[in-house]
Amino acid sequence: MYHLPNAFCQNLVEEQVSYSIPKTIYFTEEKIWISAEVTQKGKPSSSQVLYAELLNRENESVHLAKILLEQGEALHFLEIPSNLPSDHYLLRIYTRISPLLNLENGLKQQLVTIFNPRIPPKVVANRVEQIVKKGQQKGSFTLIKDQFNPKEIIDIPEELKGQKIQELKVSLVNPFLEEERQIPSSQLYEGKAEGVLIPELFGHIVAAKVNPNEVDTSKVYFLSVHGIESALYSDRPDANGNLFFDIGGLKHWKFLIAQADQNGDLMNFELQSPAVKTSFKNGFTIPQLEISLADQGLLQKLLLSSGVQTYFREKLNQEPVPVVTGFVADYSYNLDDYTRFESVETVIKEYVPSVAVRTRSGKKEFRSNNEFGNRFEGNPLMLVDGMPVFNSDQLAAFNPKSFEKLDLLARVFYLNEQNYEGVISFSSYKSDVGGFPLPTNAIYSPYQGIQIPVELESEFGQPQEIRNFEDLRSVLTWKSESGGRVDLSEVKIITSDLPGLYQMSIQYQSEDGSTQSWESYFEVKAAEN
């Protein structure tokens with residue numbers, strides 16, 4: 001149960017969000033890598049979840065990724081869905097509370113171009129060409145030259161190597177976007193961001209709502225989440241129909257199942273997206289993506305470039321947690337250690353002396369022993385991978401061939417304000433409820449948890465070595481670190497075989513602590529045949 005007092009919300013500290021991406025042109029199923037930092041008064045934010053969202057031209061959220069914040073920092077990716085049409089999209093970065101406390105500092109965004117070969121953009125005879133920027137520079141430092149051959153080393157100006165570098169990026173200029181910079185929220189949005197202040201101090205919080213005109217504040221709702229880890233949560237709605245299920249430290253799950261107590265009606269129950277709601281200013285529109293026949297060669301090379309892998313490994317360093325928070329079993333049974341039977345009822349009768357199966361008024365009932373050796377008088381809390389089961393007949397008749405383990409609690413179990421006469425908990429091999437039928441009134445939703453943390457195995461955008469095969473990297477290097485931790489003396493930038501206009505941009509911290517930027521544009525020539 002998760003309800004914040006108004007006084008606590010009023011004392012929340014504003015968050016400053018900053019982020020970087022290596023490029024702005026992508027294909028579907030490609031990863032948008034994001035390096036982000038969230039601070040509160042110059043210190044790492046207490047928020048645990050960062051959101052990366054894609055917004056379409058109709059101001060609709062079309063994809064949302066949940067990324068773990070560790071000490072206010074994150075390095076992860078948003079994987080572009082395969083069904084997005086080719087277009088420009090608004091990439092937005094924020095936490096659950098940052099846009100609501102300060103829209104300008106707490107919501108950062110920029111346009112990105114996404115191509116879907118199966119859903120191409122509008123084709124025109126002549127596309128409006130960008131102004132050629134070759135040789136153009138911003139800042140007092142100078143790149144030695146403005147034209148390079150493929151597989152040539154680029155020297156960074158010596159004056160920059162002594163600076164506290166926060167970001168270094170060298171990538172192909174997006175020829176389909178007039179502006180690749182981040183856009184201030186004040187230029188985009190009308191009014192304030194809409195939402196409920198829900199600080200995520202321990203992990204993701206799933207919000208739901210029931211119709212305020214039909215709300216019953218005594219009615220209990222259950223939410224079970226399933227994936228690498230599974231768990232059960234419960235809550236009762238407040239007077240306005242709001243429910244909040246604090247998932248806490250649980251992160252890696254793929255879907256959830258919502259139920260009302262005793263499989264009650266869920267007609268007025270609705271899950272709420274954590275995406276922030278804003279309105280575009282009158283006159284602002286996302287520019288239309290257009291291509292011409294002259295772009296065909298470039299797009300073919302960019303499509304091949306999108307297949308260049310950035311290697312990373314997942315950091316699965318969490319210890320497994322019980323399927324019910326706070327549930328420590330009194331008895332556990334590894335079902336593979338026993339002869340397999342075709343029903344849960346037979347398994348219980350044959351191997352579990354502490355639980356009895358009875359038939360009363362034609363219906364199967366389970367009765368567990370308590371810690372004093374006496375029988376409880378009611379059904380225990382029955383679970384399959386954390387999903388409550390209220391139909392004891394259905395559970396008794398189910399074939400447990402996909403169940404790996406049975407855990408029992410022979411004591412009164414307290415889940416928030418509810419108490420149950422023991423627990424019978426089955427765990428499947430894949431934490432996917434093992435084929436057990438979804439309860440009739442339950443809601444199933446493919447709702448992703450926080451993505452598994454990752455770490456890069458090699459320097460982003462860097463070739464392992466110069467070889468004679470075609471190198472189609474569109475990002476030559478990308479390093480983004482808070483606190484000025486990028487060491488330019490160790491950076492080696494090598495051009496690829498992908499011709500076009502490139503931008504080198506560097507952000508660094510000046511002596512007065514302010515962030516300064518330098519950029520330069522140069523051309524990589526096509527390889528000679």
Side-chain H-bond candidate by donor/acceptor type, Ser61 with Glu53, under 3.5 Å: yes

Worked verdict on Leu250 versus Val225 for side chain to side chain contact (heavy atoms under 4.5 Å, CB included): CA-CA 9 Å; Leu250 203 69; Val225 297; 3.4 Å; yes

Whether Trp33 and Phe77 hold their rings parallel, tilted or perpendicular, with breakpoints at 30° and 60°: perpendicular

Parallel, tilted or perpendicular, as decided by the 30° and 60° cut-offs, for the rings of Tyr333 and Tyr338: tilted

Lys/Arg N to Asp/Glu carboxylate O, Asp261 vs Lys219, below 4.0 Å: no

Residues Tyr447, His204; criterion ring pair (Phe, Tyr, Trp, His ring centres under 6.0 Å); working and verdict: CA-CA 12 Å; Tyr447 190 117; His204 180 59; 5.6 Å; yes

Residue list, side chain to side chain contact (heavy atoms under 4.5 Å, CB included) with Glu404, at least two apart or on another chain: Tyr429

Asn242 side-chain N/O to Lys209 backbone N/O, donor-acceptor pair under 3.5 Å: no

Pair Arg313 + Glu455, salt bridge at N-O below 4.0 Å: yes

Ser431 side-chain N/O to Gly227 backbone N/O, donor-acceptor pair under 3.5 Å: yes

Candidate list Asn369, Asp330, Asn370, test side-chain hydrogen bond (donor to acceptor under 3.5 Å, both in side chains), partner Arg411, passing option: Asp330

Whether Phe269 and Tyr221 hold their rings parallel, tilted or perpendicular, with breakpoints at 30° and 60°: parallel

